[in-house]
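Data block below; observations after.
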Amino acid sequence: MPSRHSAVFTSLFFSLLLLTACAKAPPAAVTGSVASADGIPIKYESVGRGGPALVFIHCWTCKRGFWDDQVAYFSNRYQVVWLDLGGHGESGLGRKVYSMSAFGADVAAVVERLGLQQVVLIGHSMGGPVAMEAEKQLGSRVIGVVGVDTFYTGFAYPKGSQAADFVKPFEGDFPATADKFIRSMFPPTADKALVERLARHFAAGNQEVAVSAMKQIFVWFESDSEGAFQRVGQRLRNINADPKGDSKPLHASVVLIPGVGHFVAQEKPAEFNRVLDELIKQFAAGAGKI
């Protein structure tokens, strides 16, 4: 027959187990929708607590689920927000032009709806210009912008007739062109299952949205990028791909991750998360000069 002391010990032991389980339980995400400046409904999710809030912005023809590894990693210490830009994922359609400024308004609408006062914007590929446009609207609430393989990559964005020539195959046979385009962004060492999954996703994208957005990416880099870099200044950091592991950063704000292609966060999520974690700490500490 158990003694009174052993019964008390057993009760305390199971109470501690319960408390530990509760402490380790992942926070529940809140899903919502908000109208952007032009009325298009924008689907978003938010989870976690703690500042600064991290707002993840997906790439061209992507969706918010591309950031799942980052949400899992950061949501125990920060409020994490991720969204589908207009025309993507579960957000609404209906724009005549899918511009970077319109996408920036999508991000700003979500930040406003959630009442976020201090944010870091993380944008992959097209999400980089979108983050810059969101910063333009949100101002001092943005303490940092992280571009992911979008700025200072060495890729020369086409202009004028070159841009039209680049887009033309996507207008002719979007699925085949998108499939080939995405596969070209991976190094030979990339996980084959990941390559197949992403190639299928992009090939099934909305052609009208994708073509419009691609044209507008080129317009932004030609017309708006210089002003954005000047405005954001030392609040900009970049995490870029180094497929062969032999490159040097093209700017002081760049951290390179070796052995990955364009989809840095998906190919090496653990390493990407560690680098991003350090950049967020720099922003939170008010790091000034690069």
Take atom CD of E208 as the centre, draw a 6.0 Å sphere, and report whether it contains more than 12 heavy atoms from other residues, nucleotides or ligands. no
When hydrophobic residues are tied together by side-chain contacts of less than 4.5 Å, even through go-betweens, does L114 share a cluster with I42? yes
Looking at P187, is its backbone amide N or carbonyl O close enough to the side chain of K244 to form a donor-acceptor pair, meaning the two atoms are under 3.5 Å apart? no
Have W220 and E133 got a donor and an acceptor in their side chains that come within less than 3.5 Å? yes
Could you give the distance from CZ (R95) to OG (S36), rounded to the nearest 0.5 Å? 5.0 Å
Could you tell me which residues satisfy side chain to side chain contact (heavy atoms under 4.5 Å, CB included) with D179, sequence neighbours excluded, listed by chain and number? R183, A199, A203
Aromatic ring pairing F56/W67, orientation class (parallel under 30°, perpendicular over 60°, tilted between): tilted
Contact between L85 and M126 at the side-chain level, heavy atoms closer than 4.5 Å - yes or no? yes
For the residue pair R141 and E112, establish whether any side-chain heavy-atom pair is separated by less than 4.5 Å. yes
Where E222 and G160 come nearest, the two heavy atoms and their spacing: OE1-N, 4.0 Å
Return the minimal non-hydrogen interatomic distance between G259 and T189, and the atom names on each side. O-OG1, 4.2 Å
Nearest heavy-atom neighbours spanning A213 and W60: CB-CD1, 3.9 Å
For a quick check under 3.5 Å, do N240 and T153 share a side-chain donor-acceptor pair by atom type? no
To the nearest 0.5 Å, atom CD of Q282 lies from atom CG of D277 at 11.0 Å
Would you say the side-chain atoms of S212 pair up with the backbone N or O of Y98, donor to acceptor, closer than 3.5 Å? yes
Any donor-acceptor pair under 3.5 Å from R64 side chain to E90 backbone: no
Stepwise, does the side-chain contact (heavy atoms from CB on, under 4.5 Å) test hold for V119 with V81? CA-CA 10 Å; V119 300; V81 179; over 6 Å; no
Side chain D84, main chain K43, donor-acceptor under 3.5 Å: no
Rounded to the nearest 0.5 Å, how far does CG of D69 lie from CZ of F74? 11.0 Å
Between the side chain of T177 and the main-chain N/O of P169, is any donor-acceptor distance below 3.5 Å? yes
Please evaluate residues V55 and V110 with respect to the criterion side-chain contact (heavy atoms from CB on, under 4.5 Å), reporting the C-alpha separation (whole Å), side-chain torsions for both, the decisive distance (0.1 Å), and the verdict. CA-CA 9 Å; V55 181; V110 172; 5.9 Å; no
Step by step, would you call V107 with L83 a side-chain contact (heavy atoms from CB on, under 4.5 Å)? CA-CA 8 Å; V107 177; L83 66 144; 4.2 Å; yes
Is there a side-chain contact between Y152 and S253 in this structure, where contact means two heavy atoms from C-beta onward sitting under 4.5 Å apart? yes
With rounding to the nearest 0.5 angstrom, report the CG to CG distance, N238 to D149. 9.5 Å
Sub-4.5 Å side-chain heavy-atom contact between Q70 and V80: no
Heavy-atom side-chain proximity of F202 to C62 below 4.5 angstrom: yes
When every non-hydrogen atom of S91 is compared with those of G86, the smallest separation belongs to CB-CA, 4.2 Å
May I ask whether F155 and I182 are part of the same hydrophobic cluster, defined by side-chain heavy atoms of I, L, V, M, F, W, Y residues being less than 4.5 angstrom apart, directly or through others? yes
Spatial distance of atom CD (Q117) from atom CG (L138) [nearest 0.5 Å]: 10.0 Å
Any T150 side-chain heavy atom under 4.5 Å of F221 side chain: yes
If you draw a 6.0 Å radius around CZ in R49, do more than 12 non-hydrogen atoms from other residues or ligands fall strictly inside? no
To the closest 0.5 Å, what do you measure between CG (D224) and CE (M100)? 10.0 Å
Mind listing the closest non-hydrogen atom pair of Q118 and I143 along with its distance? CG-CG2, 3.4 Å
Short side-chain to backbone donor-acceptor contact, R237 and L276, under 3.5 Å: no
Please report the shortest heavy-atom distance between L121 and A134, naming the atom on each side. CD1-CB, 3.9 Å
Going by the rule side-chain hydrogen bond (donor to acceptor under 3.5 Å, both in side chains), which residues pair with S125 if we only count those two or more places apart in sequence or in a different chain? H262
Would you say P243 and F186 make side-chain contact, with heavy atoms under 4.5 Å? no
Could you check H201, H58, H88 and say which one makes a ring pair (Phe, Tyr, Trp, His ring centres under 6.0 Å) with F66? H201
Main-chain N/O of F181 paired with S184 side-chain donor or acceptor, under 3.5 Å: yes
Set out, in order, the CA-CA distance, both residues' side-chain angles and the distance that settles side-chain contact (heavy atoms from CB on, under 4.5 Å) for F272 and V275, then state yes or no. CA-CA 5 Å; F272 174 86; V275 172; 6.0 Å; no
Geometric class of the F166/F218 ring pair [parallel <30°, tilted 30-60°, perpendicular >60°]: perpendicular
Check: E171 side chain, V211 main-chain N or O, donor-acceptor pair, under 3.5 Å: no
With heavy-atom distances below 4.5 Å as the criterion, would you say the side chains of W82 and V47 are in contact? yes
